[in-house]
Amino acid sequence: MKILFGAALAAAMLAGCATGSSGMQPAGSAPAAMAMPEITIYHLEGRRSERIVWLMEELGLPYTLKFRQGDLAGSMAPIRAINPDMPVAPTVTIGDQVLVESGAIIETIINRYAPGKLTPPLGSPDYPEHLKWMHYAEGSLASRVIADYRVWQIKPPTSRSPLVDSEQVVQYAENYLSKHPWFGGSEFSAADIMMAFPLNFATALNIVDKNQFPRIAEWRTRIEARPAFKAARAKALPNGMVGNLPALPAHAPPGPRQPPQAQ
Ligand SMILES: N[C@@H](CCC(=O)N[C@@H](CS)C(=O)NCC(=O)O)C(=O)O
């Protein structure tokens, strides 16, 4: 593992960021794994790139990790160099191909190099739920939570949005965990890896009241106890959070939603 040390990107630029293999397919049903080229993870501490580090630790696959400890700007510099059109973390190289979007990176790595791992069997009832959470994490959860955070920073709202807001997207996850132990359904899956970052962002930055979501808190305790999570944290966040974003002073104002209106 290569870790580069050095000089800090303003946390504000990163607003929208904060913070052993488990086979799930029955033996013999998954296609053979492809030969894996070198995988390099360009990382920012406490940001979404930790998903890929955690994935690789869960799968027991080798990778090179690049970041400058305690230095977000220094970690961003090689990302800008390799990926000037979309300089975000994670940026990952698989062989000589440069990739962004953590969900796509995770699905590529699993489908090629660890087929059947961290994914419920295709025909199982858990499969579509797993896939839903894989996409929900960025498509519905992170997008609303980060939008609400940014709006609050500009002008605290005086009433709740009539549209689906942060509280509702987190509540939906809470409701699922009241009936299932994992976002993979009956077993831990890559969907749990996708969901951890935006749920942590929502509660740690006080965008929602963490006390309203005990199932999510209990799930977080279980994911953080996983050896692969601990190994990933030790490598990817060795000295604790860097460039903390300010937490909101209050949650969404109480009271009923306004009736829905056209967007
Ligand atoms: N949907 C993308 C989001 C990537 C992203 O926005 N990453 C943040 C770090 S958590 C970033 O690099 N932000 C830099 C910026 O927005 O300038 C993913 O899931 O990979």
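Just so you know, ligand 1 is whichever comes first in the structure, and atom 1 is the first atom listed for that ligand.
Residue F197 has no nitrogen or oxygen atom sitting less than 3.5 Å from a nitrogen or oxygen atom of ligand 1, judged on distance alone. Between E101 and ligand 1, at least one N/O pair is under 3.5 Å apart.
Proximity to R51 (heavy-atom distance under 4.0 Å) selects the following atoms of ligand 1: 19 (O). Near S102, meaning under 4.0 Å from one of its heavy atoms, ligand 1 places the atoms 18 (C), 19 (O), 20 (O).
Listed by first then second residue, pairs satisfying salt bridge (Lys or Arg N to Asp or Glu O under 4.0 Å) with a partner in residues 202-220 read E218-R222, not counting sequence neighbours.
When each of E129, H130, K117, E58 is checked for a side chain to side chain donor-acceptor pair (under 3.5 Å) with S189, only H130 meets the rule.
Inspection of the E38 and T64 side chains reveals an N or O donor paired with an N or O acceptor under 3.5 Å.
Remark: Y136 pairs with W133, Y172 by the ring-ring contact (aromatic ring centres under 6.0 Å, His included) rule, at least two apart or across chains.
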